[in-house]
There are 2 protein chains.
Amino acid sequence: MESLVNALLRIHPLTDKALQTILPAWQHWEVQKDHLLLREHQVSDYIYFIHTGAARIFYQKSGKEITEWIALDKQFFLSITSFFERTPSHLSIQALEPASVSGIHHNDLMKLAAGHHEIETLLRKMLTLSLILSQRRMDSIQFETSQQRYEKLITEYPEIIKRVPLTYIASFLGITLETLSRIRSAR
Amino acid sequence: MESLVNALLRIHPLTDKALQTILPAWQHWEVQKDHLLLREHQVSDYIYFIHTGAARIFYQKSGKEITEWIALDKQFFLSITSFFERTPSHLSIQALEPASVSGIHHNDLMKLAAGHHEIETLLRKMLTLSLILSQRRMDSIQFETSQQRYEKLITEYPEIIKRVPLTYIASFLGITLETLSRIRSAR
DNA sequence: CCTTTTATTTGACAATTATCAAATCAACCG
DNA sequence: CGGTTGATTTGATAATTGTCAAATAAAAGG
């Protein structure tokens, strides 16, 4: 709980009142390794926050699984298009380790945002950060070599190699498993 | 003006009062072909809306210009990171045709959003749309062939070929001019 | 209309990465 | 511990795209 509060306050300094309003809206789950938080074709109802553990967002592409995002401790994650457009997701979300996860439902969040200017601002700032992140990732995919992307990843998340199978990391980086293996052995 | 109002209302149905509050904050410019709306290293102060004309967002990458975005009539465009983080932009924005452009200043928009819940919501929805777009583009860059990306582009904007030089289109698609030329001649 | 400049196409070659196949390594279970 | 399964590495080859150089086409200015 504490890490969720910190994460929220870091995004926007909510008053105590607003904080007390939004906190009860979060639900909590302890899920096992491999548990699916979201299945393909479902409408994604939650923005998640992972307290401890790891999860991946992935989809099927011509028979293969493509990992689109990997979330480690203390990160928010969601299926953006499905959550905001209220359409069935082509993505699935799966725990890669036993995980402690919180989530806020779309209905609740929208009601809170409509009722409290502060929470609307919080949401706006979350979206701003997310958009900036998305832009950076796009830049990175388009203009950095896979080598560089890999280096960046392990600089930012050194533990990721030990916690997440290379197949997932490879497709997250937009390369094949074999290419990643060669990049790694060349260092 | 009318197209800007329509564009805003399509994003979020503002009350008349909110509309009358936000409209005066927009400035208007008629700019010539090649005019720079934003120069590299400047902090980007405006979200722009292009009534008529065309513009591109680009940056220098090892001596070459990379076009990151192309905006045709009735689209919003901005240097996302610079505008929201208030940091000097690595991007430039240039009119590709004589253009009629509106813009709202960061200071004004933030004051309005803080003062009016409705405008905060409008901004939040703009960011949501922008994030969805950014995700789609990322997907497209990472998992579609350049062939497919080109097809999509001309399906959505058939006129773009006649209005924008192929060099810009090529780098927008993330390929070289030569590769684009070959894709085009193969059809 | 001709000249100059810029935009686009074409060709040859090199570099990067994907694909397919097989080998090795590591982890887990009885 | 031995065996089975899944993860990772290595090898050989093919496909895609980038790079550099040159040719052609189109546009702009006098």
Side-chain angles (χ1 to χ4, degrees), chain A residues 32-34 54 56 58-68 70 94-98 138-154 158-187, chain B residues 32-35 54 56 58-68 70 94-98 138-154 157-187:
Chain A
Q32 294 183 316
K33 181 166 149 66
D34 297 332
R56 70 174 179 132
F58 68 98
Y59 65 96
Q60 304 279 340
K61 165 94 178 177
S62 40
K64 289 178 185 173
E65 285 185 356
I66 309 281
T67 295
E68 187 176 277
I70 297 171
Q94 182 187 39
L96 297 176
E97 301 172 352
M138 203 163 64
D139 258 41
S140 156
I141 287 169
Q142 195 160 14
F143 300 117
E144 289 172 6
T145 62
S146 21
Q147 181 86 248
Q148 291 172 310
R149 266 176 285 146
Y150 174 72
E151 306 278 353
K152 254 196 190 172
L153 183 70
I154 57 168
E159 355 78 276
I160 203 172
I161 296 299
K162 288 178 188 157
R163 293 174 61 184
V164 179
L166 291 182
T167 331
Y168 302 157
I169 294 176
S171 81
F172 176 61
L173 293 172
I175 55 181
T176 59
L177 174 61
E178 293 92 330
T179 302
L180 177 58
S181 174
R182 290 184 177 110
I183 287 174
R184 281 161 54 76
S185 71
R187 298 164 16 105
Chain B
Q32 295 183 316
K33 182 166 147 66
D34 296 333
H35 175 81
R56 69 172 178 133
F58 70 98
Y59 64 97
Q60 305 280 339
K61 165 93 178 178
S62 41
K64 289 177 184 170
E65 284 185 357
I66 309 282
T67 295
E68 189 176 275
I70 296 172
Q94 182 186 38
L96 296 176
E97 300 172 352
M138 202 163 66
D139 258 41
S140 155
I141 287 171
Q142 194 161 13
F143 302 115
E144 289 173 6
T145 64
S146 22
Q147 183 85 250
Q148 291 172 311
R149 268 175 284 145
Y150 175 73
E151 306 278 354
K152 254 195 189 172
L153 183 70
I154 58 169
Y157 302 104
E159 354 79 276
I160 203 172
I161 296 299
K162 287 179 188 155
R163 291 173 64 183
V164 178
L166 291 183
T167 331
Y168 302 156
I169 293 175
S171 80
F172 175 61
L173 293 173
I175 55 180
T176 59
L177 174 61
E178 292 93 331
T179 302
L180 177 57
S181 174
R182 290 186 176 113
I183 287 173
R184 280 160 55 76
S185 70
R187 297 161 22 102

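Note: hydrogens, waters and symmetry copies are ignored here, and every other heavy atom, side chains too, is used. Quick note on labels: first sequence line is chain A, next is B, and so on, each numbered from 1.
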Next item on the list: Could you check how far CD of A:Glu144 sits from C1' of C:dT17, rounded to whole Å?
Entry: 17 Å
Taking only N/O atoms, report every protein-nucleotides 28-30 of chain D pair under 3.5 Å with atom names and distance.
none

Check: Between B:Arg56 and B:Glu97, is the closest basic N to carboxylate O distance under 4.0 Å?
Finding: no
Next item on the list: Apply the side-chain contact (heavy atoms from CB on, under 4.5 Å) test between A:Ser146 and each candidate in A:Leu173, A:Thr176, A:Ile141, A:Ile175; give the one that qualifies.
Entry: A:Ile175
Notebook entry, point to check: Ignoring hydrogens and geometry, is there a side-chain-to-backbone donor-acceptor pair from A:Ser171 to A:Thr67 under 3.5 Å?
Noted result: yes
Item checked: Heavy-atom closest pair, residues A:Ala95 and A:Gln32 -> CB-O, 3.6 Å
Next item on the list: Drop me the distance from A:Leu166's CG to A:Leu177's CG, to the nearest 0.5 angstrom.
Entry: 6.5 Å
Check: When you check every protein heavy atom under 4.0 Å of nucleotides 24-30 of chain C, what one-letter string (B, S, -) results, 5' to 3'?
Finding: -------
Check: Which heavy atom in B:Tyr59 sits nearest to a heavy atom in B:Glu68, and how many Å separate them?
Finding: CE2-OE1, 3.6 Å
Note to self: I'd like to check A:Val164 versus A:Glu159 (side-chain heavy atoms, cut-off strictly below 4.5 Å). Are they in contact?
What the structure shows: no
Next item on the list: Would you kindly give the CD1-to-P distance between A:Ile141 and C:dT17, to the nearest whole Å?
Entry: 14 Å
Check: Would B:Ile66 and B:Phe58 satisfy side-chain contact (heavy atoms from CB on, under 4.5 Å), going step by step from the backbone distance to the final call?
Finding: CA-CA 5 Å; B:Ile66 309 282; B:Phe58 70 98; 5.9 Å; no
Check: Does a donor on one side chain and an acceptor on the other come within less than 3.5 Å for A:Tyr150 and A:Arg184?
Finding: yes
Next item on the list: Using a 4.0 Å heavy-atom cut-off, write out nucleotides 7-24 of chain D from 5' to 3' as B (base contacted by protein), S (sugar-phosphate only) or - (no contact).
Entry: -BBBBB----SSBB----
Margin query: Distance check, rounded to the nearest 0.5 Å: A:Thr179 atom OG1 versus A:Gln147 atom CD?
Written below: 11.5 Å
